[in-house]
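These notes are about the structure you will find just below.
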Amino acid sequence: MKTAVLGSINVDLVASVPALPSPGETVGGGEFRREPGGKGANQAHAAARLGADVTLFGAVGEDQDGERALAALQRAGVKTAGVRRVDAPTGVALIAIDRAGENQIVVCPGANRHAVAADTTGFDLLIAQLEVPVRVVEETFAASPAFTVLNASPVVELPERLIERADLIVVNEHEYAALPRLQHAERVVVTYGAAGSAAFERGRRVAQVPARDVAPVNTVGAGDAYCAAIALCLAGGMGLERALATASAVGAAAVMDPASQPQLAPLARYEPGP
């Protein structure tokens, strides 16, 4: 499926710690790593690993972080001709992860603030998130002929026109609670972590599946992998409950991988049996 992803590209600075710090607390004993991330890049990477033909639209700086991020995407098969190089540092996410896989994240947008609207003529699927300016997402969705999927994260005030144009909106339970206008959206998929996921149409629950029972290592990229999977499933015409189950299997695989951009298998490997 020819897929456009509009979104953020970051470098993740990750500290794995015994426990997440409370306000004012210093926690020692951490292990540090630097890796590619950003919700847009993560979703593009996941979609490509799942088998889609993916082009990413976004912005990085003229720096080594930008070069490394693009190289990682290209190795996964993502086309990066739609990524601008701008006079600003590549975005950074500061991430702390505890032994249970829970995390705290601070995002410094940098070059992501300079993302521009993308021309998605000729694409079957468009996925976007909100770590780039919402007006850029709104303009791209308004002009796109594709099946449009909005991952409404992080929470920002959503224009009504964007809610109406999105064929699918994907959020977690906290984002759904913080965005009551989504009760009126055409279709929303909500993830509930270990409690699974559900689909709502105009505020009415129409499907629900449990989560896979796994021991999480890192939850940072799981939501992005889930979003890419549910987008590909529904844009491809898969039934709702089967799509939810498939995306849940992808999310489960993602939480067992320590990377924000997990090494996923082709999508068909995660589909439930007949």
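- For the pair T55 and F123, the minimum side-chain heavy-atom distance is below 4.5 Å.
- A distance-only check finds a donor-acceptor pair linking the side chain of E131 to the backbone of K39 [under 3.5 Å].
- Connection of M1 to V54 is established within a shared hydrophobic cluster, with ILVMFWY side chains joined at heavy-atom distances below 4.5 Å, either directly or through further cluster members.
- The closest side-chain heavy-atom distance from V149 to I230 is not below 4.5 Å.
- Applying the 6.0 Å contact sphere to CZ of R269 captures no more than 12 heavy atoms from other residues, nucleotides or ligands.
- Residues that satisfy the side chain to side chain donor-acceptor pair (under 3.5 Å) test with S248, not counting sequence neighbours, are absent from this structure.
- A single hydrophobic cluster is seen to contain both L73 and L232, as judged by linkage of ILVMFWY side chains at heavy-atom distances under 4.5 Å, directly or through other members.
- In the hydrophobic cluster analysis, where Ile, Leu, Val, Met, Phe, Trp and Tyr join through side-chain heavy atoms closer than 4.5 angstrom, L168 is grouped together with L50.
- Within 6.0 Å of the CD atom in E160, the count of heavy atoms belonging to other residues, nucleotides or ligands exceeds 12.
- More than 12 heavy atoms of other residues, nucleotides or ligands sit less than 6.0 Å from atom CD of E25.
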With a 3.5 Å cut-off and sequence neighbours excluded, list the donor-acceptor pairs that the side chains of residues 184-196 form with protein atoms.
residue: R187; atom: NE; partner: E201; partner atom: OE2; Å: 3.1
residue: R187; atom: NH2; partner: E201; partner atom: OE2; Å: 2.7

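- Between the CG atom in L70 and the CG atom in L56 there is a gap of 8.0 Å [rounded to 0.5 Å].
- No side-chain donor from either of S153 and N151 sits under 3.5 Å from a side-chain acceptor of the other.
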